Amino acid sequence: MRTARTVAEVREALSGPRSDGARIGLVATMGALHEGHLSLVREARRACDVVVVSLFVNPAQFGPGEDLDSYPRDEAHDAELLESEGVDLLFAPGADEVYPAGFATSVEVGELTAVMEGDPQRRGPGHFSGVTTVVTKLLNIVGPRVAYFGQKDAQQAVVIRRMARDLDFPVEIEVLPTVREPDGLAMSSRNRYLSDEERARATGLSRALESAREAAASGASVDDALAAARERLASDGIEPEYVEARDAESLTPAQSFNGRPILIALAAQVGPARLIDNVVIEGSEN
Ligand code: AMP
């Protein structure tokens, strides 16, 4: 596996394979890799000739007071994991390479980014513009045929798909299922912040989503399914920031289980970690 620090090094490393018509796959990460990330890498390895993984803790997507400084960083260990997955190229740039002096451009994706994780009262409008700007840059730097994202960050996946479509990026956006711990907790780099007690409590997020899914499957309304999730969270001592049901594609509020896929998403602070999770209730489940 080669490691590139600069845009020029990435372009140079990929120019040969690209001109040979290689199918290039990109997995964009902030590092502190876990099985969720590795599931994306393995699918890229299976489906592509050349696998590129980026590792960049993107300051632009962190709000003031968020965990940019304490975000776990262990490039050496991440590189070992990626090497053993057969990754071809690791792109691990410094912040100055991504945002050189005078950097002034941002990519904004309208209404999809004004709710949930982009709500100005929560992570703020800067979060998604940080994500979409850096993903635009990574897509332009690497020029992949396919880019892989996780359903764990459901809203991010919807936003990136829309951006790629609206701006005609010549890339397929593939979204892969959330990888969970055996007890249901969605894998996240931020799970490392949890004490044993908090780690046990954090399973309440996926349990709440399961309660909502069961309620939906037994014919409950959207409001009742959300109430079931909230009750479950309360019984686990978790106060959510939000629990919402939205159309899984348009992200407009879901009034009913109407046969379209409905995203039920939540965020909650558990000790020092702000965690998110979601399920999609497919039309056939209700
Ligand atoms: P991050 O390093 O948190 O920016 O995540 C990089 C990519 O991995 C994103 O596309 C995430 O959605 C994806 N990802 C993170 N956690 C998981 C998980 N538990 N299961 C599947 N994909 C994940």
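Counting convention: from 1, in listed order, for ligands and their atoms alike. As the structure is a computational prediction, the values presented were derived from the model and not from experiment.
Ranking the protein heavy atoms by distance from atom 10 (O) of ligand 1 puts Gly150 N, 3.0 Å first. In terms of protein heavy-atom proximity, atom 20 (N) of ligand 1 is closest to Val179 N, 2.8 Å. Of all protein heavy atoms, the one closest to atom 5 (O) of ligand 1 is His37 NE2, 3.5 Å. Atom 4 (O) of ligand 1 has Met30 CG, 3.5 Å as its closest protein atom, hydrogens excluded (heavy atom only).
Residues Arg42 and Glu85 are in side-chain contact: their nearest non-hydrogen atoms beyond the backbone lie under 4.5 Å apart. Side-chain contact check for Val134 versus Val98: some heavy-atom pair is nearer than 4.5 Å. Side-chain contact between Phe62 and Met30: present, with at least one pair of heavy atoms (C-beta onward) separated by less than 4.5 Å.
In this structure, Arg5 contributes its side chain and Ala92 its backbone to a donor-acceptor pair below 3.5 Å.
Ligand-side atoms of ligand 1 in range of Phe149: 10 (O), range being under 4.0 angstrom from any heavy atom. Shown in contact with Met187 at under 4.0 Å from a heavy atom are these atoms of ligand 1, numbered in order with element: 16 (N), 17 (C), 18 (C), 19 (N). In summary, the atoms of ligand 1 found under 4.0 Å from a heavy atom of Thr29, numbered by their order in the structure, are 2 (O), 6 (C). Distances below 4.0 Å separate heavy atoms of Asp153 from the following atoms of ligand 1: 11 (C), 12 (O).
Counting heavy atoms under 4.0 Å from ligand 1, residue Ala28 touches it through the backbone alone. Residue Pro177 touches ligand 1 through its backbone alone, judged by heavy-atom distances below 4.0 Å. Neither the backbone nor the side chain of Glu35 has any atom closer than 4.0 Å to an atom of ligand 1 (non-hydrogen atoms only). At a heavy-atom cutoff of 4.0 Å, ligand 1 is contacted by the side chain of Leu40 but not by its backbone.
The pair Glu43-Arg46 counts as a salt bridge, with a side-chain nitrogen and a carboxylate oxygen less than 4.0 angstrom apart. Between Arg232 and Glu214 there is no salt bridge, since no side-chain N of the basic residue sits under 4.0 Å from a carboxylate O of the acidic one.
Side-chain polar atoms of Glu111 and Thr113 form no donor-acceptor pair below 3.5 angstrom.
When the side-chain contact (heavy atoms from CB on, under 4.5 Å) test is applied to Ala32, the partners found at least two apart in sequence or on another chain are Pro72, Ser189, Arg192.
Contact between His34 and ligand 1 is present, with at least one heavy atom of the residue lying under 4.0 Å from the ligand.
Counting heavy atoms only, Lys152 comes closest to atom 17 (C) of ligand 1 of the residues Arg190, Glu174, Lys152.
The aromatic rings of Tyr99 and Phe103 sit perpendicular, their planes meeting at an angle over 60°, well past the 30° parallel limit.
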